[in-house]
Each structure stands twice: as C-alpha cells, then as structure tokens.
Amino acid sequence: MVTEVGSKLDVIRLFQMPWHERFRICLGLARLLEYLSNSPLGSLIIRDFKLSQFVLVGGEIKLTDFDDVDNDEPKCSRNSDCLVKGSKRNKTLPCNQGRCQGVLDAKNLGNVGRNFINHILTPGGPEHLMVYLNDIKNNVQRLAWDSGTLVWHMERVLSLLRSGKHVETISKLNLYKKIDKADFPNLHDYHCPETRLFGACELAVYDVNEAEYRCDLDKSCKAFVTTEKFLWSGYFIVYLKDDTSNMKPNKHTSVYVKHPT
C-alpha cells in the first residue's frame, strides 16, 4: 500500500490561495476529468461532488473518496431525457441505444465549474492571459466543451504562462541598480493589491524585466528583492519594498533599487 498525506480543502483557503496555485488546482481537475472520461472502465462520474472529497498533496489536487464514482450512464428513450444543467446554459446529449452518451463527462464538468473554475480561475490572473481565462470560464459555464477540450485550453494557458511572451511587450519607465547578495530582512514591506502574502508585497514574476515593470507601476515601490524560490510554473518570487535604507547581506537574494529616469 502506498499512502500520501494531504491537506484538506475548504472555501476560505481556496479563495486565499495565490493565483498560480489556484490555476494549478483547476488544471489538475481538468486533467482528472479527462482521465475519468476515458478510463479503462469507461466514462466515470463523481456522483457526490464536494470539496471534502479532495486534498492537496504538494500543491497537486487529489481525489480521495471513490465510493460515489461509477460508470452508470442514465437510461433514456429520447434526447430530451439527456439534459444536463450548466451554470449559464443547459446541454442536451444524444440518446444512443437507450443510454445517454456523454452525460457523465458533462455532469463532471458542470460540477468542477460550479465548485472551482467559476470562482477561482480568473481573480488575480495575469492580465495578458485574461482573454483565455475568461473564455475557459464562460465555456465551462455554458457546457460548451467536453473534458478533452477543457484540458487542451488549460494546457495552452500553461504553455503561454511559461513562455514569457508577455514580457516582450513590457515598457519600463525606470532604471534599476542591482546589488548582489543583499536584502532588507523584515524591513520596508507593504501591502499591494496582487500580493501573495498578507503584510508584504510578494509577487510571482517571469523574470527581472517583469519585476522592474511591476515596480514601475507601483508608486510605493522604491526597490525589489529577488529570491531563489521558484514556483511549479517556473515563475519566481520577488518582494517589492517602499524604502532602501538599512540594506543587509544575504547570499540568497539580490536587491534592485529604482533610479527614476
């Protein structure tokens, strides 16, 4: 037997998570639905779909309760018997040889939308990806896609996220002086709108160019600190600071001080 220790999910924790982690959850659920739709036992449905059936293991979402998972497609005599209700639009699936085809996948998709994607996919998402994120959210709400299509669109967002193409369009306003192996430990932190950490301006960025751009946009930012902490998406953590005094040595970080042009 192989066991894993996971942490429970609840609504408050879900909403408080940074966007990169929330996107990872949505991506993991999309991959799970595609697997359930094409399992060796046929298309499977999670009947009693709720947050308490999932845990997080190292940031990855895992299904823990299989008691209500089955492959029993509803019986039907006509297409109208195969109606699935979505958040914004209902969908009628074909009745084939007395069974509703595709209903299990559609119901799984609707449940993932209502419990996760509708609420956590778009808030705080990167500006350059919002068109794609809103498209995913709207199509899930309308049940316009199957799980395979959802995975394709989620994987495309992941590819764009990791490509850094948005950095090519960034126009920087200021020059920055780099000081290697330096930090402002527990100093000059302030709360910013997109922070990942309460009480500090902790941001996930693709590279230093994006960090400079984010500091440019924030009037309070006088400098930022780069770290060696990388996320699963390839982005790394920086801290924006509102002062540049009392700099200290730190071999794991670097400081970039803003010098307005």
Side-chain angles (χ1 to χ4, degrees), residues 4-71 84-89 91 93 102-126 129-130 132-162 204 231-235:
E4 289 182 301
V5 176
S7 55
K8 293 181 179 180
L9 274 175
D10 59 64
V11 174
I12 295 177
R13 182 185 179 191
L14 206 56
F15 278 91
Q16 290 178 339
M17 294 177 72
W19 180 82
H20 280 253
E21 280 65 43
R22 285 187 274 114
F23 175 74
R24 188 179 187 181
I25 287 174
C26 292
L27 176 62
L29 287 167
R31 290 169 173 169
L32 172 63
L33 294 197
E34 185 182 39
Y35 172 79
L36 292 177
S37 180
N38 300 280
S39 84
L41 298 176
S43 182
L44 300 173
I45 185 173
I46 305 172
R47 297 283 179 190
D48 187 21
F49 194 102
K50 52 190 177 184
L51 291 183
S52 60
Q53 293 181 318
F54 296 89
V55 296
L56 286 180
V57 181
E60 290 281 359
I61 192 166
K62 303 277 182 96
L63 177 65
T64 62
D65 189 346
F66 298 90
D67 290 346
D68 296 303
V69 175
D70 66 65
N71 62 355
V84 179
K85 294 183 178 181
S87 300
K88 285 189 175 180
R89 193 182 72 181
K91 184 175 185 179
L93 281 301
V103 161
L104 305 188
D105 186 54
K107 286 186 175 182
N108 281 338
L109 192 65
N111 285 329
V112 164
R114 276 185 288 271
N115 289 273
F116 292 93
I117 289 178
N118 294 356
H119 311 293
I120 69 171
L121 179 63
T122 58
L129 295 177
M130 288 308 295
Y132 304 99
L133 297 176
N134 282 319
D135 185 50
I136 291 171
K137 177 180 174 180
N138 290 334
N139 279 286
V140 168
Q141 289 177 331
R142 294 166 50 241
L143 297 180
W145 295 341
D146 59 16
S147 58
T149 305
L150 173 62
V151 166
W152 186 90
H153 283 272
M154 294 291 290
E155 296 285 1
R156 180 176 67 168
V157 170
L158 178 60
S159 178
L160 291 170
L161 186 68
R162 288 174 167 170
L231 304 180
W232 70 278
S233 56
Y235 282 50

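When all heavy atoms of A30 and M154 are compared, the closest pair comes out as CB-CG, 4.1 Å. S87 approaches R114 most closely through the heavy-atom pair OG-CG, 3.5 Å. Closest approach of V55 to T64, counting heavy atoms only: CG2-CG2, 3.5 Å. Contact between L133 and G125 at its shortest, heavy atoms only, is CD1-CA, 4.2 Å. The two residues R13 and S7 have their closest heavy-atom pair at NH1-OG, 2.9 Å. A pairwise comparison of heavy atoms in L143 and A106 identifies CD2-O, 3.8 Å as the closest pair.
Put simply, CD1 on I61 and CD on Q53 are 11.0 Å apart, with the number rounded to the nearest 0.5 Å. Atoms CG and CG, from L32 and L27 in turn, are 11.5 Å apart once rounded to the nearest 0.5 Å. Atom CZ of R31 sits about 4.0 Å away from atom CD of E155, to the nearest 0.5 Å. Between atom CG of residue L158 and atom CZ of residue F23 there is a gap of 5.5 Å, rounded to the nearest 0.5 Å. L41 CG to N71 CG: the interatomic distance, rounded to the nearest 0.5 Å, is 6.0 Å. The OH atom of Y132 lies 5.5 Å from the CZ atom of R156; values are rounded to the nearest 0.5 Å.
A donor-acceptor pair under 3.5 Å links the side-chain atoms of W232 to the main chain of H20, judged by distance alone. For R22 (side chain) and G124 (main-chain N/O), no donor-acceptor pair under 3.5 Å exists by modelled atom type. In this structure, the side chain of Q141 does not engage the main chain of N118 through any donor-acceptor pair within 3.5 Å. For N108 (side chain) and I46 (main-chain N/O), a donor-acceptor pair under 3.5 Å exists by modelled atom type. Although no hydrogens or angles enter the test, the distance criterion places no donor-acceptor pair under 3.5 Å between the side chain of N111 and the main chain of F49.
Under the 4.0 Å criterion applied to side-chain N and carboxylate O atoms, K8 and D10 are not assigned as salt-bridge partners.
A 4.5 Å side-chain heavy-atom check between L56 and E21 finds every atom pair outside the cut-off. Looking at heavy atoms from C-beta onward, L160 lies in side-chain contact with L129 at the 4.5 angstrom threshold. Counting only heavy atoms from C-beta outward, the side chains of L29 and F54 approach each other to under 4.5 Å. The side-chain heavy atoms of L36 and I45, taken from C-beta on, include no pair separated by under 4.5 Å. Side-chain contact between M130 and T122: present, with at least one pair of heavy atoms (C-beta onward) separated by less than 4.5 Å. The shortest side-chain heavy-atom distance between W19 and P126 falls under the 4.5 Å cut-off. Counting heavy atoms from C-beta on, the side chains of L104 and L44 never come closer than 4.5 Å. Residues N138 and K88 have side chains in contact (heavy-atom distance under 4.5 Å, counting atoms from C-beta outward).
Inspection of the D135 and N139 side chains reveals an N or O donor paired with an N or O acceptor under 3.5 Å. For S147 and D105, the side-chain atoms include at least one donor-acceptor pair closer than 3.5 Å. Neither side chain, S37 nor D146, offers a donor N or O lying under 3.5 Å from an acceptor on the other.
Crowding of I12 atom CD1: a count of heavy atoms from other residues, nucleotides or ligands under 6.0 Å not exceeding 12.
Here the options are V140, L150, V112, L121, the test is side chain to side chain contact (heavy atoms under 4.5 Å, CB included), and the partner is C26; only L121 passes.
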